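To find a chain, count down the sequence lines: A is the first, B the second, and so on, and within it residues start at 1. On a predicted model such as this, the values are computed, not experimentally measured, just so you know.
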Amino acid sequence: MAEFKKADSMLEWFDQRLGVINFSKVMMTEYWIPKNINFLWAMGALLMMMFGVLLISGIFLLMYYKPDVALAFDSVNYTIMHDVAYGWLFRHIHAVGASVIFLVIYIHMFTGIYYGSYKKGREMIWLSGMLLFVLFSAEGFSGYMLPWGQMSYWAAYVITEIFGGIPVIGGDLVVWIRGNFYVSDSTLTRFFMLHVLLIPVVMLGAIAFHFYSLRFPHVNNEAGEFFDYDVEAEKYLAGDKKGSKVIPFWPVFLAKDFFVMGVFLIFFFYLVFYYYGFAMDPVNFDKADGLKTPTHIYPEWYFLWSYEVLRGFFFEMFGISGKDLGLMAFAFANGIFLVMPWLDRSPTVAPANQRPYFKIWFWLLMIDLIVLTIFGKLPPTGANAWVGFASSLSFIVLFLALPVITTLEAKKLGAK
Amino acid sequence: MTDESRRGFIGKAFGAFAAVGGIASLIAMKKTWDPLPSVMSAGFTTVDVSGLEENKLEIVVWRGKPIFILKYSADMTPTEGRNIKIGDHYYSVMIGLCTHLGCIPAYRTVKKDFKCACHGGEFSADGKETFGPPPRPLDIPPFNLDGETLVLGEEGEAYRALVAKA
């Protein structure tokens, strides 16, 4: 055993046993963040906070929720909403939080794309981030099933049915996932397990990994500049805080994050108290009925774009049925962001406004995603179906064109 | 035997043992997610069709799925391989789930067709897809006939004859 001398202070006592002084240096006071950043760099801390808000509100809902088809609907809409003191508050926080966290996720993600923060050593940050996006989507989907309303039921039905499109094993796979021939009690209970235990545990691991993946390549900055962190850190520690290009994570970087969090929380609680309706679909206040499809089914706003890609291909082409084309396009849309670091063939790390071709590509993608989101909510009839088809096709074409566009751009920038 | 090779052997033996245990656990986990025996052996549904009204959709439940039973009126033409004759009348007997993504289409008595609200798919009265994303006609469930009684879940002669013609 190592030799221990009597500690002079509580801090020293803990430091002898846990190395807290060194630990806090590595994790906080000497973890260096570039100075040349803006409020968009606060989204990570914002997401961490929202994860905490969802976890805590979820724990309180968990005390009264019953994962049983006979009891679930009333346990949410009667017990939690009417009987439990402040139950309504926790439900509204949880529902609004789940919706708003996707807004922040998308801002976080498209900030990364805009500033090229996914390449030249930052590939693992991007990949772990996309893994988190998949996990958050699964968490959102499984949670949406729990109130057991009509939208819960039919969203569960349609989404699990998608797995039926997988060749050969599809049909059996759907029955296996549901634990029945249709969405039933076994389906509800297993997705409850996924929502409250398995997915959150995996998420915690993925979040830790996402932070870890930042350590070596470091956080990107507004100019996409690469510099020697050791040299800049020494400058800062020597007292040249103005000349150094870095700041410590704690307290300097987080101080600004706290400000952004404060502003965000005002917006968040405004929604929770005065505008929670957007996260509480009226159709979901009818109890689930497996024999009555609601007249119009649509997912929450954050899944609308990929839902529209799924149903954008509504007719047969090249001898492939509309259904299979839609499923293929849907799989493409959900997988393509993952390989972003390899689709962008330009070595330039710079904000999109300094990249002549990528700039156009980025804003076209934004417009296309907004169009997809809007039309995803509208009934797929007449002209709407064709707008859906055109925007779904544009989405695919944009990503197929990205390697070409960025290669041409690299040549142009290299020629200068 | 040198120390290294002995350690190497023990390592491989342990690895193999652990792999067998790992695979066995995966099989157990997979089977835990399987539908329960009570679900798999879900019973049969019998329907007496003699009292049904013409051109009015009757929906019964079989294995949690809606089954459409439509009695044809005199002005509707039956389709070979899609409709069955029970007594003096032709009927459509189909699983009432859109073959696109499983929503339940609604029957329009005036147009005498089915319309799915989810993604706009349409089917004729005999269940053939006529518009939109559905890739195939509405499925026909296995059934058997006992006089004017329909037994769902049992593969009878009439069912086999119908499928052969389709």
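Ring planes of A:Phe337 and A:Trp305: perpendicular class, angle over 60° (limits at 30 and 60°). The aromatic rings of A:Phe399 and A:Phe395 sit tilted, their planes meeting at an angle between 30° and 60°.
Taking the six-membered ring wherever Trp is involved, the centroid distance between the rings of A:Tyr106 and A:Phe133 falls below 6.0 Å.
The shortest non-hydrogen separation linking A:Phe73 to A:Asn284 is CE1-O, 3.7 Å. Smallest separation of non-hydrogen atoms from B:Ile86 and B:Gly147: CG2-O, 3.8 Å. In this structure, A:Ser99 and A:Tyr302 approach most closely via the heavy-atom pair CA-CE2, 3.8 Å. Summarising the geometry of A:Pro147 relative to A:Ser152, their closest heavy-atom pair is CD-OG, 3.8 Å, with the distance given to 0.1 Å.
Within residues 119-130 of chain B, the residues having any heavy atom less than 4.5 Å from a heavy atom of chain A are, in residue-number order, B:His119, B:Gly120. The stretch residues 188-202 of chain A places A:Arg190, A:Met193, A:Leu194 near chain B, each with some heavy atom under 4.5 Å from a heavy atom of that chain.
At a 4.5 Å heavy-atom cutoff, the contact between A:Trp176 and chain B is made by backbone and side-chain atoms alike. At a 4.5 Å heavy-atom cutoff, B:Ile59 makes no contact with chain A through either its backbone or its side chain. Only the side chain of A:Tyr307 comes within less than 4.5 Å of a heavy atom of chain B; its backbone N, CA, C and O stay farther away.
Partner of B:Tyr107 under the side chain to side chain contact (heavy atoms under 4.5 Å, CB included) criterion, out of B:Lys112, B:Lys115, B:Lys56: B:Lys112 alone.
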One pair to check against side chain to side chain contact (heavy atoms under 4.5 Å, CB included): A:Thr187 and A:Tyr182. What are the steps and the verdict? CA-CA 8 Å; A:Thr187 323; A:Tyr182 55 107; over 6 Å; no
What verdict does the side chain to side chain contact (heavy atoms under 4.5 Å, CB included) test give for B:Phe143 and B:Ile84, after you've listed the backbone C-alpha separation in whole Å, the side-chain angles of each residue and the deciding distance to 0.1 Å? CA-CA 11 Å; B:Phe143 63 85; B:Ile84 45 170; 3.7 Å; yes
Please step through disulfide bond (SG atoms under 2.5 Å apart) for the pair B:Cys118 and B:Cys103, ending with a clear verdict. CA-CA 7 Å; B:Cys118 293; B:Cys103 298; 2.1 Å; yes
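Side-chain contact of B:Ser73 with B:Asn55: a donor-acceptor pair under 3.5 Å is absent, judged by distance alone.
Top candidate by heavy-atom pairs under 4.5 Å with chain A, chosen from B:Arg136, B:Lys30, B:Lys65, is B:Lys30. Ranked by heavy-atom pairs under 4.5 Å with chain B, the list A:Asp172, A:Asn180, A:Leu310, A:Ile159 is led by A:Asn180.
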